Amino acid sequence: MRVTGNTVLITGGGSGIGFALAQRFAARENTVIICGRRGDKLEEAKQSISGLHTVVCDVASPGEREDLVNRVMSDFPEINVLVNNAGIQRRIDLTSNEDWDRTGSEIAVNLEAPIHLSQLFFPHLASKENSAIVNVTSGLSFVPLANVPVYCATKAALHSFTASLRWQLKDTPVEVIEIIPPAVDTDLQAPGLHTFGVDVDEFADHVFKELEKGKIEIAYGTALAGSRASRDQLDETFERMNSTFR
Ligand SMILES: NC(=O)c1ccc[n+]([C@@H]2O[C@H](COP(=O)([O-])OP(=O)(O)OC[C@H]3O[C@@H](n4cnc5c(N)ncnc54)[C@H](OP(=O)(O)O)[C@@H]3O)[C@@H](O)[C@H]2O)c1
């Protein structure tokens, strides 16, 4: 994709991978809008990225997604790139019969939101040149970590949806890109719970190098290995990754 001169909306851009992508888009003369639920986090991001625009929005809510799209298209009619990055990851004990509202919230943020936002934005993006929908999936799309089961299911589904979306949009001006992170050290799950994995800046620098090369599927490290692995290799990885949760 073209990495300069765009108007880009990044969901969940106030922290972690979304924030690191926002910094890099802003540094390359793009107009950048980020959204998230926490106004204070968005304000913090605004203080450190000059010219950044922010919208408070809970993308788990269909109504808020519609308001977001209407507001962004009205305030930033040049919008040509949507980055579906917002996500949550929850540890769930599947024997505990938790409330559906809690389980469903993860599906709403990680899967319903990117599908719905892609639908809502598509007609507008199709009227632009150099437009793109960028979905952030996961190495866990390919092999699940059993203690975050719904997360992995949503990411596998988003990977699948991204392939179908790319196929259906192949004769339109909208490029469909998938970013497949490995474990990255961010606040995923909550501050202090995901302090492992590769450095977020190292990962975001890699993403931009690959975007500049025109790549449409961008994985890194273990996620790159997983995304290209055979079924036998994935079975082996599943056993190894999950052996500590038995
Ligand atoms: N870190 C990893 O190891 C890793 C690996 C593979 C894939 N990923 C994916 O990368 C993406 C970014 O995650 P991250 O690691 O950067 O974690 P993060 O720092 O927790 O970022 C997630 C962002 O999503 C926003 N968000 C969550 N729920 C939202 C909602 N309902 N509405 C709007 N925004 C919402 C959060 O902001 P608010 O809380 O303010 O709403 C936050 O800014 C996610 O899709 C994640 O699944 C991460």
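Read the numbers this way: they start at 1 and go in the same order the structure lists the ligands and their atoms. In this text the structure is predicted, and so the values were computed from the model without any measurement.
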With a 4.0 Å heavy-atom cut-off (strictly under), which part of [X] contacts ligand 1: side chain, backbone, both or neither?
X	answer
Ala223	neither
Cys57	backbone
Phe19	neither
Leu188	both
Val184	both
Thr137	backbone

Minimum-distance protein heavy atom relative to [atom]:
atom	result
atom 15 (O) of ligand 1	Thr186 OG1, 2.6 Å
atom 43 (O) of ligand 1	Ser15 OG, 2.8 Å
atom 46 (C) of ligand 1	Tyr151 OH, 3.6 Å
atom 36 (C) of ligand 1	Arg38 NH2, 4.2 Å

Requested in this report: Answer yes or no: is there an ion pair linking Lys213 with Glu210, defined by an N-O contact shorter than 4.0 Å?
Outcome: yes

Report task. In plain terms, say whether Asp201 and Arg24 are close enough for a salt bridge, that is, a side-chain N and a carboxylate O under 4.0 Å apart. Result -> yes

Identify which of [options] has a heavy atom lying nearest to [atom].
atom	options	value
atom 45 (O) of ligand 1	Val56, Val136, Val83, Asn85	Asn85
atom 39 (O) of ligand 1	Glu64, Gln89, Arg37, Arg65	Arg37
atom 48 (C) of ligand 1	Ile17, Thr11, Asp185	Ile17

Query - Minimum heavy-atom distance between Pro114 and Asn135, given as atom pair plus value - result: CB-OD1, 4.4 Å

Any nitrogen or oxygen of [X], main chain or side chain, under 3.5 Å from a nitrogen or oxygen of ligand 1?
X	answer
Lys155	yes
Val59	yes
Lys41	no
Cys35	no

List every atom of ligand 1 that sits less than 4.0 Å from any heavy atom of [X], numbering the atoms from 1 in the order shown and giving each element.
X	answer
Gly16	16 (O), 19 (O)
Ala86	24 (O), 26 (N), 34 (N), 35 (C), 45 (O)
Gly87	22 (C), 24 (O), 27 (C), 44 (C), 45 (O)
Gly12	23 (C), 24 (O), 25 (C), 43 (O)
Ala183	3 (O)
Asp58	30 (C), 31 (N), 32 (N)
Ile88	27 (C), 28 (N)
Gly36	33 (C), 34 (N), 41 (O)

Query raised in the report: Judged by modelled atom types alone, do Glu29 and Thr4 share a side-chain donor-acceptor pair under 3.5 Å?
Result: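 There is no such pair between these side chains.
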
**Report entry** Verify same cluster id: Ile88, Leu21 (apolar side-chain graph, 4.5 Å)
**Finding:**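 No, separate clusters.
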
Report task. Indicate, with yes or no, if Ile49 and Val8 share a hydrophobic cluster defined by side-chain heavy-atom contacts under 4.5 Å among Ile, Leu, Val, Met, Phe, Trp and Tyr. Result -> yes

Query raised in the report: Is the CG atom of Asp93 crowded by more than 12 outside heavy atoms at less than 6.0 Å?
Result: yes

Report task. Please list, chain by chain and in numerical order, all residues satisfying side chain to side chain contact (heavy atoms under 4.5 Å, CB included) with Asn130, sequence neighbours excluded. Result -> Arg2, Asn80

**Report entry** Test item, Pro182 contacting ligand 1 (heavy atom, 4.0 angstrom)
**Finding:**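 Yes, Pro182 has a heavy atom closer than 4.0 Å to ligand 1.
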
Query raised in the report: Does any non-hydrogen side-chain atom of Gln47 lie less than 4.5 Å from one of Glu44?
Result: no

Query - Heavy-atom side-chain proximity of Val176 to Ile216 below 4.5 angstrom - result: no

Query raised in the report: Does any N or O in the side chain of Ser141 come within less than 3.5 Å of the main-chain N or O of His159, such that one atom is a donor and the other an acceptor?
Result: no

Requested in this report: Measure up the Phe208 and Phe25 rings against each other and bin them: parallel (under 30°), tilted (30 to 60°), perpendicular (over 60°).
Outcome: perpendicular

Report task. Go through Lys128 and Glu78 one step at a time and tell me if the salt bridge (charged side-chain N to carboxylate O under 4.0 Å, His left out) criterion holds. Result -> CA-CA 8 Å; Lys128 303 284 169 198; Glu78 294 313 313; 3.7 Å; yes

Query raised in the report: When rounded to the nearest 0.5 angstrom, what distance separates OH in Tyr220 from CD1 in Ile180?
Result: 14.5 Å

Report task. Return the set of residues passing salt bridge (charged side-chain N to carboxylate O under 4.0 Å, His left out) with Arg228 (not counting sequence neighbours), or none when no residue passes. Result -> Glu217

